[in-house]
Amino acid sequence: MFLRDKSHTITSSVRSTRRALKMTQDELATQVNVTRQTIIAIEKGNYVPSVLLALKLAEVLNKKVEDLFRYEKV
């Protein structure tokens, strides 16, 4: 999933990583202390998490932040 501005895209692999770990959105949300709706928004590309939340997601999903989120020029 992705978010775009005029010249850049942020892609997220949170959904695929979470699914590979057979983790529900509720479980992930609980572990990083956010609502399930926040996880849904991140996975759909409607919300870019704060640095703190991105770090928490990376820790729980056992990935580097750079593996979960990419900032690319369009």
Side-chain angles (χ1 to χ4, degrees):
M1 288 301 165
F2 60 88
L3 288 171
R4 288 186 181 181
D5 64 20
K6 291 180 181 177
S7 60
H8 293 86
T9 298
I10 297 175
T11 58
S12 167
S13 64
V14 172
R15 177 180 288 158
S16 60
T17 303
R18 174 184 59 76
R19 285 181 172 174
L21 294 171
K22 299 191 186 324
M23 183 182 293
T24 67
Q25 290 172 333
D26 277 328
E27 290 168 338
L28 180 56
T30 298
Q31 289 189 41
V32 297
N33 199 31
V34 298
T35 65
R36 181 173 159 264
Q37 288 77 12
T38 300
I39 300 301
I40 291 167
I42 292 168
E43 290 183 352
K44 285 185 172 184
N46 296 329
Y47 177 72
V48 176
S50 67
V51 172
L52 179 58
L53 180 51
L55 289 167
K56 287 180 179 181
L57 289 165
E59 181 178 18
V60 169
L61 296 172
N62 198 29
K63 295 283 185 180
K64 293 181 182 179
V65 172
E66 298 86 6
D67 295 334
L68 293 177
F69 301 97
R70 292 203 179 268
Y71 182 69
E72 301 169 342
K73 203 164 194 156
V74 180

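Numbers here simply count residues along the sequence, with the first being 1. Computed over heavy atoms, backbone and side chain alike; hydrogens, waters and symmetry mates excluded.
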J.: Passes side chain to side chain contact (heavy atoms under 4.5 Å, CB included), Leu53 versus Leu55? Steps please.
T.: CA-CA 5 Å; Leu53 180 51; Leu55 289 167; over 6 Å; no

J.: Please step through side chain to side chain contact (heavy atoms under 4.5 Å, CB included) for the pair Leu68 and Ser12, ending with a clear verdict.
T.: CA-CA 5 Å; Leu68 293 177; Ser12 167; 5.8 Å; no

J.: Is Leu52 reachable from Val48 through a run of I, L, V, M, F, W or Y residues, each pair having side-chain heavy atoms under 4.5 Å apart?
T.: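 Not linked; separate clusters.
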
J.: Could you tell me the separation between the CG atom of Leu28 and the CD1 atom of Ile40, rounded to the nearest 0.5 Å?
T.: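 Taking CG in Leu28 and CD1 in Ile40, the distance rounds to 11.0 Å.
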
J.: To the nearest 0.5 Å, tell me how far Thr17 OG1 sits from Asn62 CG.
T.: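 Output value for this atom pair is 10.5 Å.
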
J.: Which value, rounded to the nearest 0.5 Å, describes the distance between Lys56 atom NZ and Asn33 atom CG?
T.: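 Spacing of NZ (Lys56) from CG (Asn33) equals 5.5 Å.
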
J.: Write out all pairs satisfying ring-ring contact (aromatic ring centres under 6.0 Å, His included) with one or both partners inside residues 55-74, taking only residues at least two apart or from two chains.
T.: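 Pairs touching residues 55-74 that pass the test: His8-Tyr71.
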
J.: Only counting residues at least two apart or in another chain, list the ones meeting side chain to side chain contact (heavy atoms under 4.5 Å, CB included) with Gln31.
T.: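 Gln31: side chain to side chain contact (heavy atoms under 4.5 Å, CB included) contacts with Met23, Val60.
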
J.: So, taking the atom named CD1 in Ile39 and the one named OG1 in Thr24, what distance separates them when rounded to the nearest 0.5 Å?
T.: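 That separation rounds to 10.0 Å.
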
J.: Does either side chain, that of Ser13 or that of Ser16, offer a donor lying less than 3.5 Å from an acceptor on the other one?
T.: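 No pair is found: no donor N or O on one side chain lies under 3.5 Å from an acceptor on the other.
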
J.: Looking only at heavy atoms, what is the nearest atom pair of Leu57 and Ile42, with distance?
T.: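 Closest pair (atom of Leu57, atom of Ile42, distance): CD1-CD1, 4.1 Å.
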
J.: To the closest 0.5 Å, what do you measure between CD1 (Ile10) and CD (Glu72)?
T.: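 The distance works out to 10.0 Å.
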
J.: What pairs meet the salt bridge (Lys or Arg N to Asp or Glu O under 4.0 Å) rule with one or both residues in residues 17-41, with sequence neighbours excluded?
T.: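 Of all non-adjacent pairs touching residues 17-41, those that pass salt bridge (Lys or Arg N to Asp or Glu O under 4.0 Å) are Arg18-Glu43.
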
